[in-house]
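Before any comments, here is the structure.
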Amino acid sequence: PFLSFILFSSWRKRLSAIESHSEFSCEPIRLRMCQDLPYNTTFMPNLLNHYDQQTAALAMEPFHPMVNLVCSADLRMFLCALYAPVCTNYGRMSMPCQSLCQRAKDECHKLMEIFGVAWPDDMECSRFPDCDEPYPRQEDLQTSSEPTDDSSMTVQRDYGFWCPRELKVDPDLGYTFMGRKDCSAPCPSMFFNQQELTFTRYFIGVVSIVCLSATLFTFLTFLIDVTRFRYPERPIIFYAVCYVMVSLVFFLGFLLEDRIACNAVSPAQFRASTITQGSHNKACTLFFMVLYFFTMAGSVWWVILTITWFLAAVPKWGSEAIEKKALLFHAVAWGLPGALTVTLLALNKIEGDGISGVCFIGLYDIDTLRWFVLAPLCLNVAVGVSLLLVGIVALNRVRMEIPLEKENQTKLVKFMIRMGVFSVLYLVPLLTVIGCYMYEHTYRSIWETTWMEENCRRYHIPCPYKVEQTGRPLMVLFLIKYLMMLVVGIPSVFWVGSKKTCFEWASFLHGRRRKDGVNESRQVLQEQPDFAQSLLREPNTPIIRKSRGTSTQGTSTHASSTHLAVVDDLDESKASSVHSKASYHGSLRRSRDDRSDTMAYRGTEERSFHGSMPRLDHPLSTHSSLHQIDGHSRHSSQRDVSEAPPTLITHGTTASDSRVAENDGTSA
C-alpha cells in the first residue's frame with residue numbers, strides 16, 4: 001500500500017506539472033466506443049493529454065479489435081476512463097483503480113500480441129491508485145454546486161501549446177514548433193498581416209538591389225586593376241564578394257516571395273501553409289547555405305582586414321610579408337563558415353523566412369539563434385574592434401613621433417580617417433543587427449504566448465492559462481533588421497570611391513586600359529641608372545649621385561615610408577625619371593671637361609631636353625627616348641667610372657661643389 005501511495009503521488013505530481021486548459025467545461029461524449037456508459041459528459045484535455053475528442057479517438061483506434069472481440073469485460077470501461085473521463089462539477093477528476101487496469105491487461109494480453117499492439121507506458125497499472133472500486137464511483141455521478149473536499153485533482157492547469165491539426169506535418173520530416181514535434185509555424189507569418197508583409201517584401205527587394213549594385217561595383221573595380229588593391233586592404237574585396245552573394249539571395253527571395261520558404265497548402269489533408277524546416281526542400285537548403293555561409297564569411301573577412309591593418313601598423317609588416325599569409329587567411333575565412341554550415345545541415349536546423357522569402361536559422365529556434373548567429377557575430381566584433389583600436393593607436397604614434405614629410409603625413413592622416421570611417425560604417429549596421437537579434441531572443445516567448453491566446457479558439461487548441469504579459473513585435477524592428485543585414489555590405493564602396501576609380505572606369509569603358517601600376521613603377525625604377533648601379537656595384541665601389549644642375553658628391557638619403565598610405569603618382573614618376581636621365585648624362589659629361597665647357601654643354605643639354613619634351617609625351621616616343629637615354633647613360637657611366645679616381649660617399653656638398661654651383665648660377 002505504501003508503494004502504491006508513492007506511485008499515485010508521483011502520478012498526481014506529473015499531472016499537476018502538465019500545463020492546461022483555462023476554458024475547462026464539461027462536454028458531451030462523442031467517442032463511438034464510449035457511448036451508453038453510466039455517464040455521458042467528459043472534459044478535455046483528458047488524462048492522457050489529448051486536447052480534444054478527435055485526437056483521443058485516433059489514439060484509441062489500435063484497441064478497437066480487442067474491444068469488439070470482448071477480450072475483457074473491463075477493457076472498454078478502463079479505456080473510456082482514460083480517454084473520456086467522467087466530468088463532474090468544478091473539474092473533479094476521478095481515476096480508475098489499479099485492479100481494473102490489471103484485469104483488463106491480463107485478460108487481453110495474448111490477443112494484443114496477436115494484433116501487434118503493445119500496452120502503452122502511459123497506461124501502466126502501477127500509476128493508478130490501489131483500490132478495488134467500479135468506475136465511475138457513486139460520488140462521481142453526484143452533482144453539487146460547490147466542490148467537494150475529497151476532490152482528487154483540479155484540471156485548472158495550463159497544458160501549454162498543442163499543435164493544431166492544420167499545422168501538423170509528416171513525422172519523418174523532423175519539424176519542431178514551440179516545443180512540439182511534427183508541427184510547423186503558419187506561413188507566411190504568425191505575427192503580421194498581408195499588407196504589412198507586402199510592404200516589407202518590397203522594402204527588402206529595393207535594399208537588396210542597392211546593396212547588390214554597390215558590392216558588385218566594388219568587385220568589378222578590383223577586376224579592372226587587380227594589382228591596385230594589395231594587402232592590407234585586399235580583404236575588403238573578398239568582403240564585398242560575400243555581400244554580393246548575400247544581397248543576391250535576398251533579391252531572389254523577393255522575386256520568389258514565399259514559394260521557397262513555405263510548404264504548399266494541402267486541403268485534402270486539412271493542412272494549411274506552413275514554414276519549411278530541415279533539408280528536405282532542396283531550394284530552401286541552397287538558399288540557407290549561400291546566405292549563412294557568406295554572411296559568416298563576410299564577418300570573418302572583416303576580422304582578417306583588421307588583422308592585416310594590425311600587422312601593418314604595429315609590427316610594421318610590408319605588403320609582401322602580409323601577402324605571404326594569404327593562404328592562411330583564405331583557409332580561416334572560408335573554412336570556419338563552411339564548418340558551421342555543415343554542422344547546421346547535420347542538425348537539420350534550417351528554417352524558412354516567410355517575410356523575406358529566404359531560408360536561414362534561428363527564426364523560431366532560440367537556441368540555434370543564440371549559438372550559431374549571435375555568438376559568432378559577437379566574437380568577431382570583439383576581436384575586430386580590439387585589433388582596430390590597437391592599429392589606430394599605433395599609426396597615431398607613428399604620426400606624432402616619427403618626422404615624416406608633409407605629403408606623407410597628410411597621406412597617413414587621410415588613411416587613418418578612411419580606416420575609421422569604413423569601420424564605423426561597418427560596425428554600426430552590424431551592431432544594430434545584433435541588437436535586433438537579442439531583442440527577438442528576449443521577447444520571442446511573449447510574442448508566441450500572445451499568438452496562442454489570439455488563435456487558440458480558431459485552431460481549437462487549449463488557450464494559455466493565466467497570461468501575465470502580452471505583446472506583439474513591431475514591424476519597424478524587422479524592417480531595421482533586414483535593412484542593416486544588407487547595408488553592412490555597402491561600406492566597401494567607400495573604400496574604392498575615388499578619382500582614380502573614376503579614371504579607371506572611364507579608361508576601361510573607352511577601351512583604353514591603363515598599364516599595370518605596380519609593374520610600371522618597377523619598370524621606371526629598373527631604368528634609373530643609379531638604381532641599377534647600386535644593385536650591380538662592388539661592395540667598395542663609390543656611388544656617383546645624380547643632380548639636376550650641379551655635379552655633387554654622392555649623398556645618402558634615408559626616407560621612411562609607410563606601406564599603408566603611399567599612393568604612387570605614375571605620371572610624375574615617369575617625368576622625373578626622364579629628367580633625371582638627362583641630368584645624369586649631362587653631369588657625367590661635365591665631369592670630364594673644364595668649367596667653361598661644362599657651362600656651355602649644360603645650356604645645350606637643357607635646350608635639347610626641353611625641345612624633345614613634346615615628343616616624349618607621346619607613348620611611342622617616350623618609350624624610344626627612354627631606351628636611347630638609358631643606353632647612352634650606361635655607356636658613358638661605364639667609361640667615366642673607369643677613368644675617374646675613387647671618391648668617397650659624403651653627406652653634404654664640398655666647398656668646390658659650392659663654388660661650381662655659384663658659377664653655374666651666375667652663368668645661368
A side-chain contact here means heavy atoms from C-beta on lying under 4.5 Å apart; do [X] and [Y] qualify?
{"X": "Met485", "Y": "Val246", "result": "no"}
{"X": "Cys378", "Y": "Ile434", "result": "yes"}
{"X": "Thr285", "Y": "Met289", "result": "yes"}
{"X": "Cys456", "Y": "Phe161", "result": "no"}
{"X": "Pro186", "Y": "Tyr459", "result": "yes"}
{"X": "Asn46", "Y": "Leu82", "result": "no"}
{"X": "Leu336", "Y": "Met296", "result": "no"}
{"X": "Met112", "Y": "Phe63", "result": "yes"}

task = Go through the steps to decide whether Leu344 and Thr368 satisfy the test side chain to side chain contact (heavy atoms under 4.5 Å, CB included), and finish with yes or no.
result = CA-CA 9 Å; Leu344 290 168; Thr368 305; 4.0 Å; yes
Measuring centre to centre across the rings, with the benzene-like ring taken for any Trp, is [X] within less than 6.0 Å of [Y]?
{"X": "Tyr426", "Y": "Tyr239", "answer": "yes"}
{"X": "Phe191", "Y": "Phe478", "answer": "no"}
{"X": "Phe360", "Y": "Phe287", "answer": "no"}

message = For a side chain to side chain contact (heavy atoms under 4.5 Å, CB included) check, start with the C-alpha distance between Cys87 and Tyr39, then their side-chain angles and the critical distance, and finish with the verdict.
response = CA-CA 8 Å; Cys87 183; Tyr39 61 95; over 6 Å; no
Looking only at atom types and distance, does a side-chain atom of [X] sit under 3.5 Å from a main-chain N or O of [Y], one as donor and one as acceptor?
{"X": "Thr450", "Y": "Gly471", "result": "yes"}
{"X": "Gln35", "Y": "Ile29", "result": "yes"}
{"X": "Tyr135", "Y": "Ser94", "result": "yes"}
{"X": "Gln102", "Y": "Cys97", "result": "no"}
{"X": "Gln98", "Y": "Phe128", "result": "yes"}
{"X": "Gln277", "Y": "Thr176", "result": "yes"}
{"X": "Ser208", "Y": "Gly205", "result": "yes"}
{"X": "Glu351", "Y": "Asp365", "result": "yes"}
{"X": "Ser273", "Y": "Asn263", "result": "yes"}
{"X": "Arg444", "Y": "Leu363", "result": "yes"}

Which atoms form the tightest heavy-atom contact between [X] and [Y], and what is the distance?
{"X": "Tyr83", "Y": "Ala59", "result": "CE2-CB, 3.7 Å"}
{"X": "Gly354", "Y": "Arg201", "result": "O-NH2, 2.9 Å"}
{"X": "Val303", "Y": "Val383", "result": "CG1-CG1, 3.9 Å"}
{"X": "Leu255", "Y": "Arg259", "result": "O-NH2, 3.5 Å"}
{"X": "Trp334", "Y": "Ala297", "result": "CZ3-CB, 3.7 Å"}
{"X": "Leu291", "Y": "Cys359", "result": "CD2-O, 3.8 Å"}

query = What residues, two or more places apart in sequence or in another chain, satisfy salt bridge (charged side-chain N to carboxylate O under 4.0 Å, His left out) together with Asp132?
reply =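 For Asp132 the salt bridge (charged side-chain N to carboxylate O under 4.0 Å, His left out) partners, ignoring immediate neighbours, are Arg103.
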key: Contacts of type salt bridge (charged side-chain N to carboxylate O under 4.0 Å, His left out), residue Glu124, not counting sequence neighbours   = Lys105
Between [atom1] of [X] and [atom2] of [Y], what distance do you get to the nearest 0.5 Å?
{"X": "Ser279", "Y": "Leu347", "atom1": "OG", "atom2": "CG", "answer": "11.0 Å"}
{"X": "Thr295", "Y": "Leu340", "atom1": "OG1", "atom2": "CG", "answer": "12.0 Å"}
{"X": "Phe251", "Y": "Ser356", "atom1": "CZ", "atom2": "OG", "answer": "14.0 Å"}
{"X": "Met178", "Y": "Tyr364", "atom1": "CE", "atom2": "OH", "answer": "11.5 Å"}
{"X": "Tyr292", "Y": "Ile361", "atom1": "OH", "atom2": "CD1", "answer": "4.5 Å"}
{"X": "Met123", "Y": "Leu47", "atom1": "CE", "atom2": "CG", "answer": "11.5 Å"}

Derivation and outcome, ring pair (Phe, Tyr, Trp, His ring centres under 6.0 Å), residues Phe288 and Phe293 = CA-CA 8 Å; Phe288 155 74; Phe293 175 81; over 10 Å; no
Side chain to side chain contact (heavy atoms under 4.5 Å, CB included) between Trp302 and Leu430, worked out = CA-CA 11 Å; Trp302 182 78; Leu430 182 60; 5.7 Å; no
Could you tell me whether [X] atom [atom1] has more than 12 heavy atoms of other residues or ligands within 6.0 Å of it?
{"X": "Glu468", "atom1": "CD", "result": "no"}
{"X": "Asn193", "atom1": "CG", "result": "yes"}
{"X": "Phe115", "atom1": "CZ", "result": "yes"}
{"X": "Trp371", "atom1": "CH2", "result": "no"}

key: Lys/Arg N to Asp/Glu carboxylate O, Glu166 vs Arg458, below 4.0 Å   = no
ask   = Could you go step by step and tell me if Ile275 and Ser184 meet the side chain to side chain contact (heavy atoms under 4.5 Å, CB included) rule?
value = CA-CA 6 Å; Ile275 292 293; Ser184 185; 3.8 Å; yes
message = Pairing donors with acceptors under 3.5 angstrom, does anything connect the side chains of Tyr482 and Asp353?
response = yes
Donor-acceptor pairs under 3.5 Å, side chain of residues 64-72 to any protein atom, not counting sequence neighbours: which ones?
from  : atom 1 : to     : atom 2 : distance (Å)
Asn68 : ND2    : His64  : O      : 3.2
Ser72 : OG     : Asp74  : N      : 3.2
Ser72 : OG     : Glu107 : OE1    : 2.4

task = Would you sort out whether Arg76 and Asp36 count as a salt bridge (Lys or Arg N to Asp or Glu O under 4.0 Å), showing the intermediate values?
result = CA-CA 11 Å; Arg76 177 168 172 263; Asp36 302 327; 5.4 Å; no
key: Residue that, paired with Leu483, satisfies side chain to side chain contact (heavy atoms under 4.5 Å, CB included) out of Val207, Ile204, Thr432   =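 Option passing the side chain to side chain contact (heavy atoms under 4.5 Å, CB included) with Leu483: Val207.
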ask   = Mind checking whether Tyr439 and Tyr443 have parallel, tilted or perpendicular rings, split at 30° and 60°?
value = tilted
Check against side chain to side chain donor-acceptor pair (under 3.5 Å), Tyr175 and Asn348 = CA-CA 9 Å; Tyr175 281 26; Asn348 210 30; over 6 Å; no
